[in-house]
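The structure appears right after this line, and notes come after that.
As the structure lists them, so they are numbered: ligands from 1, and atoms in each ligand from 1. The figures here come from the full heavy-atom set of this structure, side chains too, leaving out hydrogens, waters and symmetry mates.
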Amino acid sequence: TIQTDAGLRTPIVAVLGHVDHGKTSLLDKVRGSAVIEGEAGAITQHIGATAVPLDVVSQVAGSLVDPEEFDLPGLLFIDTPGHHSFTTLRSRGGALADIAILVVDVNDGFQPQTEEAIRILQDSQTPFVVAANKVDTVPGWQVDEDAPIKQTYEAQSDRVRQQLDESLYSIIGELSDAGFSSDLYWRLQNFQNNIGVIPVSAKTGEGIPDLLAVLMGLAQRYMKEEMEIDVTGPGAGTILEVKEEQGFGKTLDVILYDGTVRASDTIVVGGQNGPIVTDVRALLKPRPLAEIRTEKRFEKVDELAAAAGMKIAAPDLEDAMAGAPVRVVRDRDLDDVVEEVQAE
Ligand code: GTP
Ligand code: MG
């Protein structure tokens, strides 16, 4: 289970943005794998979840993230689809998140689903940063693989830097039109009332150390100040997907955002014809850094703590619905839990 001494749970980080602006590629870069190659036409059609442990975050971020300074166990990233037909999935991802990355292609700027994502973040009051992606596409850009952005930004020619600045300031202008004050992240004193804009390239890895460092800082502050989360109580989660798995029948891909789930638990699950009461048959955990959508190998475990992506095998899941709640009963009154699920 992922939990630190300080008891802070793993923050959930939603990745939102317009189609093709590079959300999956950014996560791939962090993961060092290639989920993008497994997707139909490279268009994300589902919500995915990837747990990135603290040691990997600090490995990727280098000197920008000192693991000693953080109580967080790592970050749980939620990838969402940018295609216009997936509004419900985006809202679901946005609503689950503690913090978010809004990905904007520096060439395209704000697009319809960028604006939709902003509204989702505004409505759910989710703190976010902006990843201004694809900086490597500025003509004449000199690549400094995986470098912190300030270093590579300052090494560019004046002409390249000016062209990038133009794109970045138009993004800052569009954020201002949407009611957010923002600036390049290294110019900000605090992220409380300002949105940090981080130029990145998912292709070359430039700026990814900065993005992770800013996310860790934001998550640490936000989790400490705003959240007292019980990571040992009966679990609460949301169904991402209902899937047939060989040997298990219908299973649930779940994001657990509170408490724990045990292999011995009775759970209540939202279904098409009302709440389903069932017993967990197997609790399956994806490997760290694996993407739950494409993962084939799972480890059977006795218990998992929030926040985590997991697969739950149980009988009677035929009517379970994506987006519906999952609640662990444990020592609570079953009727109360059923009512809670019904009310959602
Ligand atoms: P949806 O899931 O469909 O919303 O798209 P997405 O936002 O996940 O975009 P994806 O990561 O699939 O990337 C779209 C295209 O942009 C792919 O061809 C990527 O290779 C390319 N791309 C992403 N990031 C970068 C980048 O930083 N630089 C360059 N040159 N290409 C990039
Ligand atoms: Mg994608």
At less than 4.0 angstrom from any non-hydrogen atom of [X], what atoms of ligand 1 do you find?
{"X": "Ser201", "result": "27 (O)"}
{"X": "Gly22", "result": "6 (P), 7 (O), 9 (O), 10 (P), 11 (O), 13 (O), 23 (C)"}
{"X": "Asp136", "result": "26 (C), 27 (O), 28 (N), 29 (C), 30 (N)"}
{"X": "Lys203", "result": "26 (C), 27 (O), 28 (N), 29 (C), 30 (N)"}

Derivation of the side-chain contact (heavy atoms from CB on, under 4.5 Å) call for Val60 and Asp146: CA-CA 8 Å; Val60 176; Asp146 301 326; over 6 Å; no
Can an N or O of [X] be found at a distance shorter than 3.5 Å from an N or O of ligand 1?
{"X": "Thr137", "result": "no"}
{"X": "Asp79", "result": "no"}
{"X": "Val135", "result": "no"}
{"X": "Val19", "result": "no"}
{"X": "Thr80", "result": "no"}

In terms of hydrophobic clusters joined by side-chain contacts under 4.5 Å, are Val301 and Leu252 together? yes
Those residues that, when tested against Phe180, pass ring pair (Phe, Tyr, Trp, His ring centres under 6.0 Å) (two or more places apart): Phe128
Going through the checks in order, is the side-chain contact (heavy atoms from CB on, under 4.5 Å) test met by Gln220 and Glu69? CA-CA 10 Å; Gln220 172 119 327; Glu69 283 178 24; over 6 Å; no
Can a donor-acceptor pair be found, under 3.5 Å and without considering hydrogens, that links the side chain of Gln163 to the backbone of Gly140? no
Does Asp55 offer a backbone N or O that forms a donor-acceptor pair with the side chain of Ser58 under 3.5 Å? yes
Only one of Val261, Ile312, Thr238 passes side-chain contact (heavy atoms from CB on, under 4.5 Å) with Val254; say which it is.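 Looking at Val261, Ile312, Thr238, the match for Val254 under the side-chain contact (heavy atoms from CB on, under 4.5 Å) is Ile312.
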Pairs involving residues 244-257, ordered by first then second residue, that meet salt bridge (Lys or Arg N to Asp or Glu O under 4.0 Å) (sequence neighbours left out):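 Matches after skipping sequence neighbours: Lys243-Asp253, Glu244-Lys250, Glu245-Lys311, Asp253-Lys311.
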Under 2.8 Å from the Mg ion (ligand 2), is there an N/O/S atom belonging to Ser25?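 Coordinating: no.
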Identify which of His18, His21, Lys134 has a heavy atom lying nearest to atom 31 (N) of ligand 1.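 Heavy atom nearest to atom 31 (N) of ligand 1 belongs to Lys134.
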